[in-house]
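Throughout, residue positions are numbered sequentially from 1 according to the sequence presented. The analysis underlying the following values was restricted to heavy atoms, covering all of them including side chains, and did not include hydrogens, waters or symmetry mates.
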Amino acid sequence: MGTIEGPADEPADGVSLEGPDPTGTQFPDENPARPIGRLDDGRCSVRARARGDSPVGSAPPAQRWLLIEQPGPWGREALVESRFDAAVAPALAARARAEHVRLLLVRRPGGRLADSDSRWAYADARPGHEGLWWSTRAADADLLSAPWDGSVGERASRPVYLVCTHGGHDACCALRGRPLARALPAPGPADVWECSHLGGDRFAANVLVLPHGFYYGQVPGDGAELVAAHERGQVALPWLRGRAGVPPAGQAAQQHAREELGLLGVGDLAVTRVRALTGPGAEIERWTVTMAGPKGDVVATVQSSPSGEAANLTCRATHAAHSRVWEVSAFSAAPAAAAEVI
């Protein structure tokens with residue numbers, strides 16, 4: 001049996017337009033080229049590592065993204081507290097919510113303003129639809145009518161690495177993310193971007209790898225092993241949070257099965273069914289998770305319960321909260337069966 005501690009952090013899914021200045025004309029002086037503060041013992045990511053928190057099971061539900069190149073500083077609410085057109089932001093956020101697309105601002109590592117080409121990209125991580133397409137815009141308003149379906153733009157031929165450096169949201173993201181974004185040894189300079197809030201601040205440095213939608217946390221050093229794994233078409237298991245869109249119980253089961261079976265391909269052990277064994281709101285929740293193995297179904301039993309210790313899960317948190325602890329029982333192989341849509 002494996003025990004995995006996972007977060008109860010906000011999923012970072014969707015777009016908030018709440019902020020100190022919804023007009024977007026003022027925002028904190030966040031210099032993307034220079035981290036602010038330091039990693040002292042009070043930072044959420046330092047405390048999470050000291051407790052041994054695991055990021056497994058913390059990938060959010062969104063499976064489609066709109067990446068918007070927006071250099072310069074971002075406030076806590078990146079879209080409206082940046083240089084993005086304030087008149088366009090509310091309508092763009094409304095469209096994103098309606099179409100279940102996650103908005104992320106991106107910029108070149110190190111705050112190189114001169115390198116901006118006003119690029120944007122649509123990314124899709126849904127199984128069978130994986131892809132990322134880059135385009136350029138003449139004005140921010142162009143994004144309101146542009147198709148978000150991969151029908152326009154140049155398709156990326158390699159993985160794209162988004163490193164959360166959103167210091168306006170949580171200092172740990174800047175302090176750990178910015179050095180990683182500058183050092184990440186991707187094959188080409190267009191393959192690495194700083195991005196706005198990914199969620200799971202205490203797991204900084206956080207990385208999202210597109211188009212397959214794999215989230216990583218606590219990525220060490222220059223991230224070379226993570227890049228090497230994805231260039232081989234594999235996941236980097238030691239830092240994997242999970243795949244976007246897979247239910248948390250499925251992420252925990254998949255992680256355990258990958259460790260036991262050594263199946264690291266990005267498409268291996270697809271979760272085909274998650275069945276709840278307990279009712280909503282139970283303190284201890286249980287599921288059976290079915291995954292597609294190379295010789296038939298792989299089935300695991302997953303249990304989730306509150307952590308024994310309550311803690312502040314972000315640097316801005318004012319109240320302690322319990323994370324979730326995942327326990328995955330030994331799994332079994334079964335004859336191949338038809339997949340069930342989650």
Hydrophobic clusters here meaning ILVMFWY residues chained together by side-chain heavy-atom distances under 4.5 Å, can you tell me if [X] and [Y] are in one?
{"X": "Val209", "Y": "Trp133", "result": "no"}
{"X": "Met291", "Y": "Val266", "result": "no"}
{"X": "Leu269", "Y": "Trp287", "result": "yes"}
{"X": "Leu198", "Y": "Val219", "result": "no"}
{"X": "Leu184", "Y": "Phe214", "result": "yes"}

Donor-acceptor contact below 3.5 Å, side chain [X] vs main chain [Y]:
{"X": "Asp191", "Y": "Val160", "result": "no"}
{"X": "Gln251", "Y": "Val246", "result": "yes"}
{"X": "Arg102", "Y": "Leu66", "result": "no"}
{"X": "His322", "Y": "Pro306", "result": "no"}
{"X": "Thr272", "Y": "Thr290", "result": "yes"}
{"X": "Gln254", "Y": "Gly250", "result": "no"}
{"X": "Arg243", "Y": "Ala125", "result": "yes"}
{"X": "His166", "Y": "Leu105", "result": "no"}
{"X": "Thr165", "Y": "Gly177", "result": "no"}
{"X": "Arg241", "Y": "Ser58", "result": "yes"}

Taking the six-membered ring for Trp, is the centroid-to-centroid distance between Trp134 and Trp193 below 6.0 Å? yes
Between [atom1] of [X] and [atom2] of [Y], what distance do you get to the nearest 0.5 Å?
{"X": "Cys164", "Y": "Asn206", "atom1": "SG", "atom2": "CG", "value": "6.0 Å"}
{"X": "Cys315", "Y": "Arg202", "atom1": "SG", "atom2": "CZ", "value": "12.0 Å"}
{"X": "Ser54", "Y": "Trp326", "atom1": "OG", "atom2": "CH2", "value": "11.0 Å"}
{"X": "Arg49", "Y": "Cys44", "atom1": "CZ", "atom2": "SG", "value": "10.5 Å"}
{"X": "Arg43", "Y": "Asp201", "atom1": "CZ", "atom2": "CG", "value": "11.5 Å"}
{"X": "Ser196", "Y": "Ile68", "atom1": "OG", "atom2": "CD1", "value": "8.5 Å"}

Neighbour count >12 (heavy atoms, 6.0 Å) for atom [atom1], [X]:
{"X": "Glu99", "atom1": "CD", "answer": "yes"}
{"X": "Arg95", "atom1": "CZ", "answer": "yes"}
{"X": "Asp41", "atom1": "CG", "answer": "no"}

Side-chain donor-acceptor contact under 3.5 Å, Arg176 with Ser45: yes
Answer with yes or no whether the side chains of Thr136 and Arg119 bring together a donor and an acceptor at under 3.5 Å.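 Judged by distance alone, the side chains do not pair up.
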What is the minimum heavy-atom distance between [X] and [Y], and which atoms define it?
{"X": "Trp74", "Y": "Ser82", "answer": "CD1-CB, 3.9 Å"}
{"X": "Arg178", "Y": "Gly167", "answer": "NH2-N, 4.2 Å"}
{"X": "Pro179", "Y": "Ala174", "answer": "CD-O, 3.7 Å"}
{"X": "Arg83", "Y": "Gly72", "answer": "NH1-CA, 3.2 Å"}
{"X": "Leu132", "Y": "Ala123", "answer": "CD1-CB, 3.8 Å"}
{"X": "Ala252", "Y": "Val328", "answer": "O-CG2, 3.8 Å"}

Would you call [X] and [Y] a side-chain contact if the rule is heavy atoms closer than 4.5 Å?
{"X": "Ile284", "Y": "Gln303", "answer": "yes"}
{"X": "Leu208", "Y": "Val163", "answer": "no"}
{"X": "Gln218", "Y": "Pro55", "answer": "yes"}
{"X": "Leu261", "Y": "Val298", "answer": "yes"}
{"X": "Leu67", "Y": "Leu162", "answer": "yes"}
{"X": "Gln70", "Y": "Val106", "answer": "no"}

Mind listing the side-chain donor-acceptor pairs of residues 139-156 below 3.5 Å, one per line with the distance, residues two or more places apart or on another chain?
from	atom 1	to	atom 2	distance (Å)
Asp140	OD1	Arg137	NE	2.8
Asp140	OD1	Arg137	NH2	3.1
Asp140	OD2	Asp85	N	2.8
Asp142	OD2	Ala138	N	2.9
Asp142	OD2	Ala139	N	3.1
Trp148	NE1	Ala146	O	3.4
Asp149	OD1	Ser151	N	2.9
Asp149	OD1	Ser151	OG	2.5
Arg155	NH2	Glu130	O	2.5

List in chain and number order the residues that pass side-chain contact (heavy atoms from CB on, under 4.5 Å) with Gln63, two or more places apart in sequence or in another chain; answer none if no residue qualifies. Arg126, Pro127
What pairs of donor and acceptor atoms, side-chain ones from residues 229-240 against any protein atom, are under 3.5 angstrom apart with sequence neighbours left out?
from	atom 1	to	atom 2	distance (Å)
His230	NE2	Tyr216	OH	2.6
Glu231	OE2	Tyr161	OH	3.0
Arg232	NE	Gln234	OE1	3.2
Arg232	NH2	Gln234	OE1	3.3

Checking side-chain hydrogen bond (donor to acceptor under 3.5 Å, both in side chains) for the pair Arg324/Ser304: CA distance, chi angles, key distance, verdict? CA-CA 6 Å; Arg324 302 295 294 183; Ser304 175; 2.9 Å; yes
Show your working on side-chain contact (heavy atoms from CB on, under 4.5 Å) between Glu69 and Trp120 and close with a plain yes or no. CA-CA 6 Å; Glu69 185 177 14; Trp120 66 276; over 6 Å; no
Assign the ring pair Tyr215 / Trp65 to parallel, tilted or perpendicular, where the plane angle (0 to 90°) is split at 30° and 60°.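 Tyr215 vs Trp65 ring planes: tilted.
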Residue pair Asp40, Val46: steps toward the side-chain contact (heavy atoms from CB on, under 4.5 Å) verdict: CA-CA 7 Å; Asp40 57 41; Val46 175; over 6 Å; no
